[in-house]
There are 2 protein chains.
Amino acid sequence: MVASTPETAAARRIELRQVDKFALRRTELAAAALATLSEFGYARTSLREIAQKSGFSHGVFHYYFRDKVDLITYCVREYKAACVAHYDEIASNATSAEQVRSSFAEALASSARDDTPMHRLWYDLRNQSLFDTDFQADVAEVDDSLERMIWRIVTAYAAFAGAEVVLTRSAVYAVFDGLFQQALLGIHAGNDAAVDSLREGVRQVLPRLLQNVGRESTD
Amino acid sequence: MVASTPETAAARRIELRQVDKFALRRTELAAAALATLSEFGYARTSLREIAQKSGFSHGVFHYYFRDKVDLITYCVREYKAACVAHYDEIASNATSAEQVRSSFAEALASSARDDTPMHRLWYDLRNQSLFDTDFQADVAEVDDSLERMIWRIVTAYAAFAGAEVVLTRSAVYAVFDGLFQQALLGIHAGNDAAVDSLREGVRQVLPRLLQNVGRESTD
DNA sequence: ACCGCCTCTGGTCAGCTGTCCAGACTTCTC
DNA sequence: GAGAAGTCTGGACAGCTGACCAGAGGCGGT
């Protein structure tokens with residue numbers, strides 16, 4: 001780094017403060033956008049609707065975001081940060097396999113119950129990435145970090161159980177993601193047992209992804 | 001039914017013929033709509049785009065379908081018919097557990113490979129049902145019939161293996177659906193191994209959903 | 001040959017969407 | 001407090017969307 005003259009140092013300080021305020025506002029607007037997006041879904045959410053629900057004018061969104069894609073991309077990243085942080089303590093705080101299993105099942109179940117709109121938005125946006133290349137990179141990155149998160153939990157569980165995980169990281173994620181998504185559909189359809197089914201499904205599946213060390217599976 | 005006079009019989013015959021032609025045209029238009037929908041996704045497909053790609057005028061779609069929802073609902077039903085019929089022979093033609101396992105894994109893998117656009121549309125529309133009640137009933141019906149289809153295959157597998165399925169019907173479907181969807185994301189991201197991973201994932205998961213009759217699982 | 005119904009066309013309309021922008025307002029610096 | 005930079009507003013615009021409709025064309029029945 002080059003040593004700064006007083007002027008450039010002051011300018012940088014100002015600039016940083018402005019950048020912080022700018023970033024803060026972006027986050028605030030993105031949070032408002034997330035709220036509306038999770039309510040109506042990608043296809044039915046316009047910038048004007050977001051603005052109206054957030055109390056801002058629709059113009060301000062174009063001041064802080066290049067375009068709609070830029071805004072939603074930022075929202076996806078925000079989602080990831082909130083989501084991964086929430087689960088990461090499961091693996092680190094546990095002291096036994098059974099505790100990991102219970103915590104994991106409960107965490108998925110309560111998240112599906114409490115954050116239903118946000119999760120359905122995630123699946124919506126992930127699907128959009130199958131059609132629109134704009135979101136593809138960011139969605140893939142979030143999906144990957146979710147996959148790693150699940151993998152951390154499952155390998156922690158396997159370590160406590162003294163066993164090995166038989167599936168690939170990707171397949172393990174896919175299995176729990178499928179259970180989660182089905183629970184979301186169930187919740188939305190008014191099936192009161194959906195959350196309990198998810199918890200029970202996770203509890204039942206988790207041990208079956210392991211095999212004792214040194215034994216070969218039938219293949 | 002009331003006995004028909006000659007006139008009403010003729011009228012009915014005509015009417016039936018017209019109904020057939022009408023239904024035929026509906027199916028034809030729905031097929032064209034499916035093609036465009038699977039290319040662009042729900043959010044980015046307009047009736048005019050569908051019409052242009054199909055060679056019809058945009059007006060004709062309003063003649064055969066009440067509105068856009070009516071059209072897409074019909075498309076969903078068409079999808080189901082095509083999809084379920086394709087898989088149903090797996091369970092009925094098999095003679096051993098291993099054969100069911102191989103056929104099932106191969107069927108999922110090749111379907112993901114060959115019908116990628118149609119499947120991503122299905123997931124798109126299923127997600128729309130989480131936001132828009134218009135599709136909810138029909139989507140739920142298709143999802144249920146897919147669930148039953150998977151269940152038939154898995155129970156057939158269990159029967160050949162002389163074992164029981166430990167998960168609920170819904171959880172079994174969720175697991176394979178998750179694997180399938182992850183493969184779709186992989187394919188779209190250009191991951192060449194995605195199809196093979198799906199096949200291998202299905203092969204590995206399937207036996208682990210069973211337990212020997214008479215033995216209790218750890219719970 | 002004529003008539004009535006079915007089919008289909010393409011124009012029109014109101015409403016919404018993303019984007020841009022001129023200008024008002026606020027905040028900060030000197 | 002003057003000026004500049006940053007922030008925000010709301011109107012304007014072009015393009016698109018779903019829906020509607022008047023009328024042309026075709027087909028079958030008599």
Side-chain angles (χ1 to χ4, degrees), chain A residues 5-30 32-33 36-37 40-75 128 132 134-135, chain B residues 5-30 32-33 36-37 40-75 128 132 134-135:
Chain A
T5 69
E7 296 128 30
T8 57
R12 189 170 301 165
R13 187 157 31 83
I14 292 165
E15 192 189 333
L16 278 176
R17 196 191 312 164
Q18 285 167 352
V19 165
D20 282 350
K21 279 184 67 178
F22 193 82
L24 219 65
R25 199 54 145 186
R26 266 174 78 96
T27 311
E28 190 181 357
L29 291 173
T36 306
L37 277 166
F40 297 116
Y42 173 81
R44 292 168 191 76
T45 304
S46 67
L47 287 178
R48 279 176 168 79
E49 190 75 35
I50 292 173
Q52 197 174 355
K53 290 241 170 195
S54 70
F56 291 96
S57 72
H58 66 267
V60 76
F61 283 89
H62 284 97
Y63 181 75
Y64 284 96
F65 297 95
R66 199 187 328 114
D67 52 19
K68 196 184 179 185
V69 170
D70 188 29
L71 168 61
I72 295 184
T73 296
Y74 192 88
C75 288
Q128 295 310 316
D132 193 331
D134 289 334
F135 304 140
Chain B
T5 66
E7 297 129 28
T8 57
R12 188 170 301 166
R13 185 157 31 82
I14 292 165
E15 191 190 333
L16 279 176
R17 197 191 310 165
Q18 286 166 351
V19 166
D20 283 349
K21 280 182 68 177
F22 193 82
L24 218 65
R25 201 53 146 185
R26 268 173 78 95
T27 311
E28 190 182 358
L29 292 173
T36 306
L37 276 167
F40 298 115
Y42 172 81
R44 293 170 191 75
T45 304
S46 67
L47 287 177
R48 279 176 167 79
E49 190 75 34
I50 292 173
Q52 196 174 355
K53 290 242 169 194
S54 70
F56 291 96
S57 72
H58 65 266
V60 77
F61 283 88
H62 283 99
Y63 181 75
Y64 283 96
F65 298 94
R66 198 183 332 111
D67 52 19
K68 199 185 178 185
V69 170
D70 188 29
L71 169 62
I72 295 184
T73 296
Y74 193 89
C75 287
Q128 295 309 317
D132 193 332
D134 289 335
F135 303 140

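Quick caveat: nothing in here was measured; it's all calculated off a predicted structure. Chain letters run A, B, ... following the sequence lines, proteins first and then strands; every chain starts at 1.
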Nearest heavy atom decides the nucleotide; on that basis, is A:G59 or A:S46 closer to the 5' end of DNA chain C?
A:S46

Between the side-chain atoms of B:R48 and the base atoms of C:dT9, is any donor-acceptor pair under 3.5 Å?
no

Can you figure out which of [options] approaches the side chain of [X] most closely?
| X | options | answer |
| --- | --- | --- |
| A:H62 | D:dG18, C:dT19, C:dT9 | C:dT19 |
| A:Y64 | D:dT9, C:dG18, D:dT7 | D:dT7 |
| A:H58 | D:dG11, C:dT7, C:dT27 | D:dG11 |

Nearest-Å distance, [atom1] ([X]) to [atom2] ([N])?
| X | N | atom1 | atom2 | answer |
| --- | --- | --- | --- | --- |
| B:E28 | C:dC8 | CD | C1' | 13 Å |
| B:E49 | D:dC16 | CD | P | 10 Å |
| B:R44 | C:dT17 | CZ | P | 15 Å |
| A:K68 | C:dC16 | NZ | P | 15 Å |
| A:Y63 | C:dC25 | OH | C1' | 13 Å |
| B:L47 | D:dC20 | CG | P | 12 Å |

With a 4.5 Å cut-off on side-chain heavy atoms, are B:I50 and B:L71 touching?
yes

Do B:Q128 and A:R44 have side-chain heavy atoms sitting under 4.5 Å apart?
yes

Check the orientation of B:Y63 and B:F22. Use parallel for under 30°, tilted for 30 to 60°, and perpendicular for over 60°.
perpendicular

Less than 4.0 angstrom between a side-chain N/O of A:R25 and OP1 or OP2 of D:dC8, yes or no?
yes

